[in-house]
A.B. asks: 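Sharing a structure with you now.
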Amino acid sequence: MSLMDVALRRGFFYPSSEIYGGSAGFYDFGHLGVLLKRKFENTWRNYFLALNPNFVEIDATTIMPEAVFEASGHLKSFNDPLTECTECHVRHKADLLLEEKGVEAEGLTAEEMGKALQDREIRCPRCGGELSEVRWFNMMFELSLGAAEADEKAYLRPETAQGCYVSFKRMFEVLRNQIPMGLAILGRAYRNEISPRQGFYRLRELNQAELQIFFDPECLDEHPCYEAVQDQMMRIYAVADREKGEIKEIPLREVGVPKFYGYHMAIVQDFYLKVLKVPREKFRFRELSEEERAFYNRIHWDMEIFTDVLGGFKEAGGIHYRGDHDLSGHERGSKKKMEVNIQGKKFVPHVLELSFGVDRNLLMLLDLAYTEEEERTVLKFPSVVAPYRAAVFPLVSKDGLPEFAYEIYQELRMECDVFFDEKGSIGKRYRRQDEIGTPFSVTVDYDSLEDGTVTLRDRDTMDQVRIQRGNLLSAITLPEV
RNA sequence: GCGGCUGUAGUGUAGUGGCUAGCACUUGAGCCUUCCAAGCUCACGACCCGGGUUCAAAUCCCGGCAGCCGCACCA
């Protein structure tokens, strides 16, 4: 049995439109997947929105007009004219091939570029083979609004971030002109990947949790709480260390990033190590080189998690210093002023983006939790993200035990997600809960009818303690040490 | 998008031209059951989709879709 089997069989996630053979890059969530996702997202909200009273969550549409992506730069940078070698099947960017030969490709159509390639007898740089016709490849899904003729173009957003940037002006006013200001969106984004691979890892429709922090660029090298975290040991995989393949543990102050950026690195690392309980050795920050960085990023470190299912460290999210790229871009595009005026000081705020791929994080949480023991398969989720907090069982299905257990179940479900089961042997019911990661099982037996106590079983140790029914809720919801 | 391999109940598999498509686990109903996948009875459930070859296709051929691996792509 493997992790993906459990995900499928128990209803965490499975291929979308499965009965029609599915479609690569699209997955649906089953009930446990929804619970897990909801808990991850709520944990994320509780943690990151608590950083500052001026950090709030908003929501925005997934469809946005073309002008938004002209201003953001996505139309240009997300859109490549590709040509493929008919011999060795390597793909090249046609505009780059032309510009290497001194031909100005900017603004040319695909046909014109194809013709220009032919006219100059440009062939495959790798094998000299003939090149195919030029076709636009757009990472964004294109839509047309209204009647087909009306040609009002729009796109599915490739990142939730744009929703925050287009809302900036209004939300800044709504939140009474405070800087820094944080706008978070948890929602869907869409990327038309050429070839989605690795199942649930690279999706065409994905969930993101992103926080855009707007701040005064002059304050890039300061943060009121920096002192408290400057000595924190950070797990760092810098560009310079790649040859050695070595992850360093160094204090934050030696990482070499501005304080505002560094403070948030420390906060994010704590989120993984302390809240999600990722083992220290399975977490690192990976610095991206200039070529790897997106067109808008000035400083970029990714959070990476080591998983067995993906066979190594893989990106779970990133911290992006986007400068004024977005607000200035939208200022030009919309002709609306994005400049703020704080006590007479005028500036366009800069953006620090904390970006998380929700689906990826869920996959990684599953991978880290997945444990095969001799007698059982267990998902050792931290309680904060476990789909169910507890399960309630009658020891046997007779003599009034089910009724008593069901009463407890009804009582607990008002407060948290719990599961009730009276089918099969008690051992089997425990194992089923182990396999979906429920931290606690509550069992009602004959003594319960006498004295109102129940047994509470711990998922990881399988130890049981006897407690008063009235103490159950606090016992199962106590924060983990 | 290219090349190689693959596709049988929920899962893992048997079946290589003619079978009522077999088995195990799972699931459901019942019996039994006073704490860790026990046992017994019964039941549900599958040949990825579409064409073709053939008297006959799960099996052979072609196409599609999906998965895995390599190449490319990954803002």
Side-chain angles (χ1 to χ4, degrees), chain A residues 1-2 4-11 14-26 30 69 72-80 82-93 126 132 135 137-140 157-159 161-162 189-204 206 288 292-297 300 311 314-315 318 320 322 325 355 357 373-378 393-399 401 422-435 441-449 454-459 461-464 466:
Chain A
M1 188 150 43
S2 76
M4 292 310 277
D5 284 339
V6 174
L8 218 60
R9 281 202 354 260
R10 294 303 192 186
Y14 41 84
S16 181
S17 306
E18 206 179 2
I19 58 169
Y20 288 98
S23 179
F26 295 96
F69 301 108
S72 72
H74 284 94
L75 264 187
K76 209 167 172 183
S77 307
F78 240 43
N79 220 345
D80 293 320
L82 291 183
T83 178
E84 187 173 317
C85 171
T86 53
E87 305 281 329
C88 69
H89 299 296
V90 169
R91 303 170 82 119
H92 304 280
K93 293 185 179 176
R126 191 162 97 169
S132 73
R135 315 184 63 164
F137 180 75
N138 191 348
M139 282 281 289
M140 289 192 293
R157 64 185 181 194
E159 55 174 7
Q162 294 306 321
Y190 303 82
R191 293 169 192 187
N192 198 1
E193 302 278 358
I194 298 179
S195 129
R197 278 283 174 85
Q198 298 171 298
F200 200 65
Y201 180 73
R202 267 181 75 192
L203 299 172
R204 286 186 166 131
L206 52 125
L288 274 78
E292 292 167 326
R293 290 203 300 261
F295 54 95
Y296 46 71
N297 280 334
H300 183 168
K314 292 281 176 173
E315 176 192 351
H320 312 130
R322 299 173 65 131
H325 171 85
S355 173
E373 297 181 353
E374 237 172 85
E375 291 288 317
R376 58 177 195 155
T377 299
V378 197
F393 309 135
L395 181 58
V396 289
S397 199
K398 59 180 184 187
D399 300 333
L401 265 52
E422 56 172 315
K423 304 275 172 62
S425 74
I426 189 71
K428 193 168 206 164
R429 282 176 271 163
Y430 286 146
R431 298 299 161 85
R432 260 200 287 255
Q433 295 309 308
D434 291 340
E435 198 174 297
S441 294
V442 176
T443 303
V444 167
D445 57 19
Y446 286 96
D447 289 346
S448 308
L449 300 179
V454 295
T455 60
L456 184 65
R457 169 193 184 262
D458 181 90
R459 176 194 65 203
T461 62
M462 296 194 269
D463 291 342
Q464 283 177 288
R466 194 148 197 113

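Within every chain, numbering begins at 1; the chains are lettered A, B, ... in the order of the sequence lines, protein sequences first and strands thereafter. Below, each value reflects all heavy atoms present in this structure, side chains not excepted, and no hydrogens, waters or symmetry copies.
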A.B. asks: More than 12 foreign heavy atoms under 6.0 Å from OH of A/Y446: is that the case here?
C.D. replies: yes

A.B. asks: Out of B/rU33, B/rC35, B/rC36, which nucleotide sits closest to the side chain of A/K398?
C.D. replies: B/rU33

A.B. asks: Nearest to the side chain of A/E193, which nucleotide is it out of B/rC36, B/rC74, B/rU26?
C.D. replies: B/rC74

A.B. asks: Take atom C1' in B/rA9 and the same atom in B/rG28, then report the distance between them in whole Å.
C.D. replies: 15 Å

A.B. asks: Could you state the atom-to-atom distance from CD1 of A/I426 to P of B/rC36 in whole Å?
C.D. replies: 9 Å

A.B. asks: Could you check which of B/rU34, B/rC35, B/rU27 has an atom nearest any side-chain atom of A/V396?
C.D. replies: B/rU34

A.B. asks: Counting only Watson-Crick pairs (N1-N3 plus N6-O4 or O6-N4) and G-U wobbles (N1-O2, O6-N3), all under 3.5 Å, who is the partner of B/rA43?
C.D. replies: B/rU27

A.B. asks: For the P atoms, the ones on B/rU33 and on B/rU16, what distance do you get once it is rounded to whole angstrom?
C.D. replies: 46 Å

A.B. asks: Please give, in whole Å, the distance from B/rC74 P to A/K314 NZ?
C.D. replies: 15 Å

A.B. asks: Any idea which of B/rA38, B/rU11, B/rU34 is nearest the A/L395 side chain?
C.D. replies: B/rU34

A.B. asks: Whether A/K423 contacts B/rA29 is assessed here as follows: a side-chain N or O lying under 4.0 Å from the phosphate OP1 or OP2. Is that the case?
C.D. replies: yes

A.B. asks: For B/rG1 versus B/rA57, give the span between their P atoms, rounded off to a whole number of Å.
C.D. replies: 32 Å

A.B. asks: What nucleotide among B/rC36, B/rU27, B/rU11 has an atom nearest to a side-chain atom of A/R9?
C.D. replies: B/rU11

A.B. asks: Between B/rA37, B/rC74, B/rG12, which nucleotide gets closest to the side-chain atoms of A/D5?
C.D. replies: B/rG12

A.B. asks: Looking only at atom C1', what distance separates B/rU6 and B/rU13, rounded to whole Å?
C.D. replies: 15 Å

A.B. asks: Go through the steps to decide whether A/R466 and A/D445 satisfy the test salt bridge (charged side-chain N to carboxylate O under 4.0 Å, His left out), and finish with yes or no.
C.D. replies: CA-CA 11 Å; A/R466 194 148 197 113; A/D445 57 19; 2.8 Å; yes

A.B. asks: Is any NZ, NE, NH1 or NH2 atom of the basic residue among A/R10 and A/E435 found under 4.0 Å from an Asp or Glu carboxylate oxygen of the other?
C.D. replies: yes

A.B. asks: Starting at CZ of A/F393, measure out to CG of A/L401 and round the result to the nearest 0.5 Å.
C.D. replies: 13.5 Å

A.B. asks: Is the shortest heavy-atom distance from the side chain of A/N192 to the side chain of A/M139 under 4.5 Å?
C.D. replies: no

A.B. asks: How many whole angstroms separate atom CD of A/E435 from atom P of B/rC25?
C.D. replies: 16 Å

A.B. asks: Among the candidates B/rC35, B/rU27, B/rU34, find the nucleotide nearest to the side-chain atoms of A/R432.
C.D. replies: B/rU27

A.B. asks: Of the listed nucleotides (B/rU27, B/rC35, B/rC74), which one gets closest to any side-chain atom of A/T443?
C.D. replies: B/rC35

A.B. asks: Distance check, P atoms only: B/rU26 and B/rC48, in whole angstrom units.
C.D. replies: 25 Å

A.B. asks: Suppose you measure atom P in B/rG63 against the same atom in B/rA43; what distance do you get, rounded to whole Å?
C.D. replies: 44 Å

A.B. asks: When only distance counts, do a donor and an acceptor, one from the side chain of A/Y20 and one from the base of B/rC49, lie under 3.5 Å apart?
C.D. replies: no

A.B. asks: Heavy atoms from C-beta onward define the side chain here; which of B/rC35, B/rU11, B/rC36 lies closest to that of A/M462?
C.D. replies: B/rC36

A.B. asks: Contact between A/N297 and A/R322 at the side-chain level, heavy atoms closer than 4.5 Å - yes or no?
C.D. replies: yes

A.B. asks: When we call it a touch if two heavy atoms are under 4.0 Å apart, what does A/T455 touch: a base, just sugar-phosphate, or nothing?
C.D. replies: base

A.B. asks: Taking for each residue the nucleotide of RNA chain B with the nearest heavy atom, is it A/D445 or A/P15 whose nucleotide lies nearer the 5' end?
C.D. replies: A/D445

A.B. asks: C1' atom, B/rC71 versus B/rG50: distance in rounded Å?
C.D. replies: 30 Å

A.B. asks: Does a distance-only test, which skips hydrogens and angles, find a donor-acceptor pair under 3.5 Å between the side chain of A/R429 and the base of B/rC36?
C.D. replies: no

A.B. asks: Nearest of B/rG67, B/rC36, B/rC73 to any side-chain atom of A/A24?
C.D. replies: B/rG67

A.B. asks: Need one value for A/Y296: base, sugar-phosphate or nothing, where a base atom within 4.0 Å counts as base even if backbone is also close, heavy atoms only.
C.D. replies: base

A.B. asks: Across the strands shown, which category fits A/E18 at heavy-atom distances under 4.0 angstrom: base, sugar-phosphate, nothing?
C.D. replies: nothing

A.B. asks: Under 3.5 Å, is there a donor-acceptor pair between the A/Y296 and A/S72 side chains?
C.D. replies: no

A.B. asks: Considering only the C1' atoms, how many Å lie between B/rA72 and B/rG4, rounded to the nearest integer?
C.D. replies: 16 Å

